[in-house]
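In what follows, a single structure is set out as structure tokens and then discussed.
What you see is a predicted model; the values in this text were computed from it and never measured.
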2 protein chains.
Amino acid sequence: MIHQRECPVETLIHVLGGKWKPMILWLLIESSKRFNDLEKLIPDVSQKMLSQHLRDLEREGIVDRTVYPTVPPKVEYSLSEYGKTLIPVAEVMCAWGENHNKRKYEEPAS
Amino acid sequence: MIHQRECPVETLIHVLGGKWKPMILWLLIESSKRFNDLEKLIPDVSQKMLSQHLRDLEREGIVDRTVYPTVPPKVEYSLSEYGKTLIPVAEVMCAWGENHNKRKYEEPAS
DNA sequence: TCATCCCTTTACTTTTAAGTAAGTGCATTA
DNA sequence: TAATGCACTTACTTAAAAGTAAAGGGATGA
């Protein structure tokens with residue numbers, strides 16, 4: 001499982017690597033959401049960054065983008081079937097991250 | 001396990017987030033290594049970046065730094081006990097990343 | 001007629017990360 | 001005397017990521 005010269009950990013980190021992508025993924029794991037919903041749920045994200053990161057995730061096949069041709073337009077973002085393969089990974093990462101945050105909080109002077 | 005407002009996935013990505021940290025972790029999972037070993041094993045890393053990322057990982061408690069007061073100096077970097085908690089996480093991330101790379105290779109025009 | 005809503009895109013600026021090159025210290029070897 | 005090896009650090013430059021502000025398009029409601 002472990003080779004010397006390649007490090008696929010980088011791949012995952014690259015896919016989820018932007019400043020906002022983890023949060024977007026997290027919210028879409030919960031349920032599909034519209035652009036505006038995400039904008040409201042992610043404090044301080046700019047429309048540009050949200051749009052850009054959603055397009056990145058779409059390009060990787062992780063997120064599906066469904067456009068309903070209504071007026072005003074409605075666009076729904078959801079995890080693709082492939083994107084759902086990230087859920088267990090995200091959960092493991094989440095668990096470690098939560099523990100790490102707790103650890104930092106408990107012993108800030110180490 | 002899933003909360004609305006926090007996303008600990010970000011924590012992990014932040015800890016492993018630099019350009020070289022995943023590779024460093026990967027190599028240290030395999031075995032402890034010296035500065036020069038890492039430099040040779042990671043193509044194109046500069047001493048500055050290697051040093052900086054090692055210090056980051058040390059600060060997070062993931063990597064132990066052992067100095068042997070010999071001349072020339074010998075410094076060994078190894079995974080700390082805490083750092084070893086990252087191994088299963090890295091393996092899950094690695095597995096997903098490998099699959100993702102394969103997928104990309106198989107259908108580059110999706 | 002004018003503003004409104006939603007989902008963007010574009011042009012420009014600022015911030016952050018990474019790269020480059022050189023230098024440090026000290027003991028051993030040539 | 002000078003060069004070598006190891007493990008860095010510092011100062012400076014460049015590249016990448018993110019932030020800001022504004023505009024667009026097209027139907028609907030006031």
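- Listed by first and then second residue, the salt bridge (Lys or Arg N to Asp or Glu O under 4.0 Å) pairs that reach into residues 74-84 of chain B are B/Glu81-B/Lys84, sequence neighbours excluded.
- Rounded to a whole Å, the CG atom of A/Leu38 is 12 Å from the C1' atom of C/dC7.
- The ring-ring contact (aromatic ring centres under 6.0 Å, His included) check on B/His14 picks up nothing, with sequence neighbours excluded.
- One interatomic measurement links the two molecules: CD of A/Glu39 to C1' of D/dT20, which rounds to 14 Å at whole-angstrom precision.
- Of the candidates C/dC7, C/dA18, D/dT20, C/dC7 carries the atom nearest the A/Phe35 side chain, counting heavy atoms from C-beta on.
- Under the side chain to side chain contact (heavy atoms under 4.5 Å, CB included) criterion, A/Asp37 pairs with A/Lys33, A/Arg34, sequence neighbours left out.
- Considering only side-chain N and O atoms, B/Ser51 lies under 4.0 angstrom from the phosphate OP1 or OP2 of D/dT9.
- The CG-P distance, from A/Leu50 to D/dG19, rounds to 12 Å in whole Å.
- Residues satisfying the side-chain hydrogen bond (donor to acceptor under 3.5 Å, both in side chains) criterion with B/Thr85, sequence neighbours excluded, are A/Trp96.
- The backbone N or O of A/Gly61 lies less than 3.5 Å from a partner atom in the side chain of A/Ser80, making a donor-acceptor pair.
- For C/dG19, one of the phosphate oxygens OP1 or OP2 lies less than 4.0 angstrom from a side-chain nitrogen or oxygen of B/Lys19.
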Q) What does nucleotides 22-30 of chain D look like as a protein-contact string, B for base, S for sugar-phosphate only, - for none, at under 4.0 angstrom between heavy atoms? A) -----S---

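- Listed candidates were D/dA7, C/dA18, D/dA18. Nearest to the side chain of B/Arg34 is D/dA7.
- For the pair B/Ile13 CD1 and C/dA17 P, the computed distance is 15 Å after rounding to whole Å.
- Once rounded to the nearest 0.5 Å, the distance linking CH2 of B/Trp26 with CD1 of B/Ile87 reads 9.5 Å.
- Atom-to-atom, CG of B/Leu54 to C1' of D/dT9 comes out at 14 Å; the value is rounded to the nearest Å.
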Extract all donor-acceptor atom pairs below 3.5 Å that involve side chains of residues 49-58 of chain A and protein atoms in other chains or at least two apart in sequence.
residue : atom : partner : partner atom : Å
A/Ser51 : OG   : A/Arg55 : NH2          : 3.1
A/Asp56 : OD1  : A/Arg59 : NH2          : 2.5
A/Asp56 : OD2  : A/Lys21 : NZ           : 3.3

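- Atom pair B/Met49:CE and D/dA7:C1' shows a separation of 16 Å (rounding to whole Å applied).
- Residue B/Tyr77 is in sugar-phosphate contact alone, with no base atom involved, counting any heavy-atom pair closer than 4.0 Å across all strands shown.
- Between A/His53 and D/dA18, a side-chain N or O to OP1/OP2 separation shorter than 4.0 Å is present.
- Distances shorter than 4.0 Å separate some side-chain N or O of A/Asn36 from OP1 or OP2 on C/dC7.
- Between B/Lys48 and the phosphate of C/dA22, there is no side-chain N or O to OP1/OP2 separation shorter than 4.0 Å.
- With DNA chain D read from its 5' end, the first of the two nearest nucleotides for A/Gly17 and B/Lys74 is the one closest to B/Lys74.
- The distance from atom CD of B/Gln52 to atom C1' of D/dT10 is 12 Å, rounded to the nearest whole Å.
- Rounded to whole Å, atom P of D/dC6 lies 14 Å from atom CD of B/Glu76.
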